[in-house]
There are 2 protein chains.
Amino acid sequence: MSRTEGEWMAKNTRAALLDAALRTIGERGFAGASARHIATAAGQNQALVFYHYGTVNDLIAAACRESTEQRVALYRAEFEQAGTLADLLAVGRQVHVTEHAEGNVAVLAQLLAGARGNEVVAAAVADALNLWVVEVEKTLGRVLADSPLLALIDLGGLARSISAGFVGIELLDGVDPDGATRALASLEQLAVLTETLLTELDNLGPVTSRLVKRRLNALTK
Amino acid sequence: MSRTEGEWMAKNTRAALLDAALRTIGERGFAGASARHIATAAGQNQALVFYHYGTVNDLIAAACRESTEQRVALYRAEFEQAGTLADLLAVGRQVHVTEHAEGNVAVLAQLLAGARGNEVVAAAVADALNLWVVEVEKTLGRVLADSPLLALIDLGGLARSISAGFVGIELLDGVDPDGATRALASLEQLAVLTETLLTELDNLGPVTSRLVKRRLNALTK
DNA sequence: GTCTATAGAGGGATAGAC
DNA sequence: GTCTATCCCTCTATAGAC
């Protein structure tokens with residue numbers, strides 16, 4: 001076996017383990033993601049987990065980072081093309097539908113819960129979540145550049161609320177699927193409603209609009 | 001030892017185990033809540049977990065139900081006294097501050113994550129979550145009885161979003177405390193903003209106000 | 001009801017052959 | 001790099017003494 005061939009196989013093994021780690025977490029939960037189960041899902045020998053990644057936690061952390069980078073990169077162009085709040089809402093919808101269907105939101109929820117008292121995983125999942133937050137925050141800042149909202153709400157906080165909200169609803173989905181569907185639908189309604197109110201504010205005529213905006217600004221004091 | 005005395009001790013043991021189960025989940029996460037750790041935290045013998053509750057899962061499920069019933073009962077009067085959206089917001093704030101400080105939100109998050117592939121726990125945590133949702137939904141319905149929002153948003157869905165949102169932010173808190181604080185603050189801002197917009201809508205004068213409401217209603221078609 | 005002891009399964013991690 | 005075999009630990013659950 002040539003040196004190149006050996007390297008290629010090792011790369012394949014490592015990739016298979018990364019992939020299987022997340023798949024296993026999705027199927028069996030964080031607690032069920034043992035080295036044995038992951039290796040079996042990857043079609044690999046259990047000892048290779050430790051040879052390539054040292055510990056199970058390190059494998060899971062690496063899988064979390066690698067996967068999130070890829071998934072976020074997949075949507076980065078769409079985030080950047082969003083010019084209005086409605087556009088961002090549409091991208092958000094698409095991201096959630098796809099990532100939910102792929103099981104990635106459920107995996108993220110399991111990682112967040114499993115991170116309790118697990119520093120290696122906690123650091124990885126914090127970074128991963130931040131990749132999503134940065135995209136949402138950047139886009140929010142752009143589409144709301146002319147909005148009075150900008151002065152009233154911490155967009156970084158809002159971006160984190162949105163991400164955390166999806167995670168929470170995913171966990172609800174695990175114990176009450178109908179409830180989760182209703183929760184998601186109500187947020188859709190709320191988002192559209194807010195967007196409409198903001199638009200209407202600009203259509204009310206300058207006097208009324210300025211009056212409302214002044215009262216909103218009074219909130220921050 | 002009299003019969004009464006024996007019963008009293010057994011009740012104490014059972015209560016100690018229930019309490020320790022949730023404390024252990026809070027301190028060590030769902031995966032760390034083994035019969036041994038729980039029993040030690042309760043100052044009891046490990047075998048008593050199985051004598052009194054059969055399995056660890058059944059103990060955890062019982063603890064989840066019992067604790068949630070008590071906690072929700074603690075706030076029921078305050079929910080019922082809330083007459084405006086601002087009142088509800090104030091109660092919600094108080095509930096979150098207290099329950100977060102007691103660690104109960106973190107425990108709920110761990111239970112939700114641990115419920116994956118665990119039917120006994122899943123059923124218990126679904127019921128527990130529902131106790132909170134029912135209170136919020138009832139109160140929302142009452143304080144929004146005269147609001148145009150009632151026709152535009154599924155209040156049951158909204159109540160579930162709020163509960164799920166707190167859970168998500170609690171998980172974020174585990175890996176990024178500053179981010180969680182910002183997320184929570186931004187939701188506060190958003191809630192106050194929405195409440196203000198709804199109030200302003202009524203203060204705009206009847207013509208403008210009716211115009212906006214008509215446009216909002218058009219959303220539902 | 002409570003205790004000790006232990007069976008039996010599964011998990012992390014390593015040694016050493018190939 | 002990969003495999004088998006194995007050590008040692010923790011876990012659930014039960015048996016049986018008290």
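We use all heavy atoms of the structure for the numbers below, so side chains are in, but hydrogens, waters and symmetry mates are not. Everything numeric here is computed off the predicted structure, so don't read it as measured data. So you know, we letter chains A, B, ... as the sequences are listed, proteins then strands, and number each from 1.
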Measure across [X] and [Y] and return the closest heavy-atom pair with its distance rounded to 0.1 Å.
X	Y	value
A:Glu80	A:Arg142	O-NH2, 3.2 Å
A:Leu158	B:Ser186	N-OG, 3.2 Å
A:Ala115	A:Ala122	CB-CA, 3.7 Å

Over all strands shown, is [X] touching base, sugar-phosphate only, or nothing at heavy-atom distances under 4.0 angstrom?
X	value
A:Gln44	nothing
A:Ala47	base
B:Val56	sugar-phosphate

[X] vs [N]: side-chain N/O to OP1/OP2 distance below 4.0 Å:
X	N	answer
A:Ser34	C:dG10	no
B:Thr13	C:dT2	yes
A:His52	D:dT2	yes

Query raised in the report: When B:Leu129 is tested against each of B:Thr68, B:Val134, B:Leu108 for side chain to side chain contact (heavy atoms under 4.5 Å, CB included), which residue passes?
Result: B:Leu108

Report summary line: Per side chain to side chain contact (heavy atoms under 4.5 Å, CB included), A:Phe79 is matched among A:Val72, A:Val95, A:Asp87 by A:Val95

In whole angstrom, give the distance that lies between atom [atom1] of [X] and atom [atom2] of [N].
X	N	atom1	atom2	result
A:Leu48	C:dC18	CG	C1'	14 Å
B:Asn45	D:dG16	CG	C1'	14 Å
A:Ile38	C:dG11	CD1	P	10 Å
A:Tyr51	D:dC3	OH	P	12 Å
A:Phe50	D:dT2	CZ	C1'	15 Å
A:Phe30	C:dG12	CZ	C1'	14 Å
A:Arg36	D:dC7	CZ	P	14 Å
A:Arg14	D:dT2	CZ	P	10 Å

